[in-house]
Amino acid sequence: ARLKIVCRSGAPETASEEQIKKANVHVMAELKSLQAEHKKLKAANAAALQGAPVLESPDKGEWTIGGATAQLAEAGGPVHAHVEELAELSRSLVALRRFVGTNVIAATKIVKKHDKNISAELQKREAVAAAVKAQSFYADRELPRLCQRVDALLASTLSKLYTGTEANAGTRSSPVH
């Protein structure tokens with residue numbers, strides 16, 4: 001990718017900065033959607049787990065969404081669908097975090113390569129780094145907080161499914177997989 005220098009009239013200095021802003025818009029829209037999905041699933045959690053069977057704990061002792069969905073698949077129904085939706089929400093959050101990380105690394109590498117072959121006064125590393133740091137997806141803590149809330153919901157759901165209570169939530173769970 002080539003970096004394009006634009007005049008300093010307030011317009012973005014580089015095409016990379018424009019792409020960083022586009023990535024930010026995408027991340028924030030996706031985050032908002034995932035927050036809404038979390039809110040919906042959290043509100044439905046107690047009702048969805050009402051009357052759920054107590055699952056057989058695995059021999060290795062670690063509870064997983066994959067293990068829960070495999071056991072629930074036989075019966076199907078709303079409990080299985082709810083657990084599948086939780087698993088999909090978790091996978092979507094992992095994908096969004098990877099997208100953010102990949103874009104930060106890509107912007108850094110592109111500008112580093114650009115700066116290596118250009119005079120010091122035209123280098124853009126600092127400008128692009130500032131543009132990345134100014135974006136919500138980089139500076140905002142909401143994505144990590146949402147990941148924590150989803151992990152907690154998964155842990156309490158797995159505890160309820162494997163023990164019949166939420167008392168042990170988080171002690172033996174590995175939510176994703």
Side-chain angles (χ1 to χ4, degrees), residues 1 16 19-110 132-177:
S16 290
Q19 291 302 316
I20 291 165
K21 289 178 182 179
K22 285 180 183 179
N24 187 59
V25 169
H26 169 74
V27 169
M28 298 317 290
E30 188 67 19
L31 179 60
K32 187 175 181 179
S33 171
L34 294 173
Q35 287 171 322
E37 183 67 13
H38 171 258
K39 185 176 180 179
K40 178 189 93 166
L41 291 172
K42 185 176 180 183
N45 201 53
L49 297 177
Q50 188 72 28
V54 176
L55 303 178
E56 187 178 317
S57 287
D59 293 334
K60 295 181 182 176
E62 191 166 83
W63 303 334
T64 66
I65 285 292
T69 55
Q71 288 186 53
L72 291 168
E74 297 171 14
V79 176
H80 181 253
H82 181 73
V83 172
E84 285 284 349
E85 288 176 3
L86 280 172
E88 180 56 34
L89 176 60
S90 181
R91 286 189 294 269
S92 295
L93 280 167
V94 168
L96 186 59
R97 288 187 89 168
R98 283 188 185 135
F99 177 82
V100 168
T102 300
N103 276 277
V104 169
I105 291 168
T108 304
K109 286 186 175 190
I110 290 168
V132 168
K133 289 178 183 175
Q135 301 308 309
S136 301
F137 73 78
Y138 185 84
D140 188 36
R141 303 302 313 154
E142 191 51 40
L143 180 56
R145 275 188 286 236
L146 181 59
C147 290
Q148 290 172 340
R149 290 193 302 268
V150 169
D151 285 347
L153 181 58
L154 282 167
S156 78
T157 300
L158 289 173
S159 179
K160 174 76 172 159
L161 289 170
Y162 283 107
T163 68
T165 68
E166 292 183 30
N168 298 324
T171 59
R172 293 181 56 193
S173 64
S174 173
V176 182
H177 303 339

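Residue indices begin at 1 and follow the sequence shown. Worth knowing before you read on, the calculation uses all heavy atoms, side chains too, and leaves out hydrogens, waters and symmetry mates.
With contacts defined as side-chain heavy-atom distances shorter than 4.5 Å, the pair N45/L86 qualifies. A heavy-atom distance below 4.5 Å is found between the side chains of R145 and D140. Residues T64 and P58 have side chains not in contact (no heavy-atom distance under 4.5 Å, counting atoms from C-beta outward).
When every heavy atom of A48 is checked against every heavy atom of V79, the shortest pair comes out as O-CG2, 3.0 Å. L72 and H80 make their closest contact through C-CD2, 3.6 Å (heavy atoms, listed as atom of the first residue, atom of the second, distance). Closest heavy-atom contact between N24 and S136: OD1-N, 3.1 Å. The nearest pair of heavy atoms linking L41 to H82 is O-CE1, 3.3 Å.
The distance from the CG atom of L143 to the CD atom of Q148 is 10.5 Å, given to the nearest 0.5 Å. Expressed to the nearest 0.5 Å, how far CD of Q71 lies from CG of L161 amounts to 9.0 Å.
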Please tabulate, for the side chains in residues 93-104, all donor-acceptor contacts under 3.5 angstrom to protein atoms that are two or more places apart in sequence or on a different chain.
unit_1	atom_1	unit_2	atom_2	d
T102	OG1	R98	O	2.8
N103	ND2	F99	O	2.8

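We find that K32 and E142 are not joined by a salt bridge, their nearest charged nitrogen and carboxylate oxygen being 4.0 Å or further apart.
With sequence neighbours left out, the salt bridge (charged side-chain N to carboxylate O under 4.0 Å, His left out) criterion links E37 to K40. For Y162, the ring pair (Phe, Tyr, Trp, His ring centres under 6.0 Å) test picks out W63, with sequence neighbours left out.
Proximity of a side-chain donor or acceptor of T165 to a complementary backbone N or O of S159 within less than 3.5 Å is not detected.
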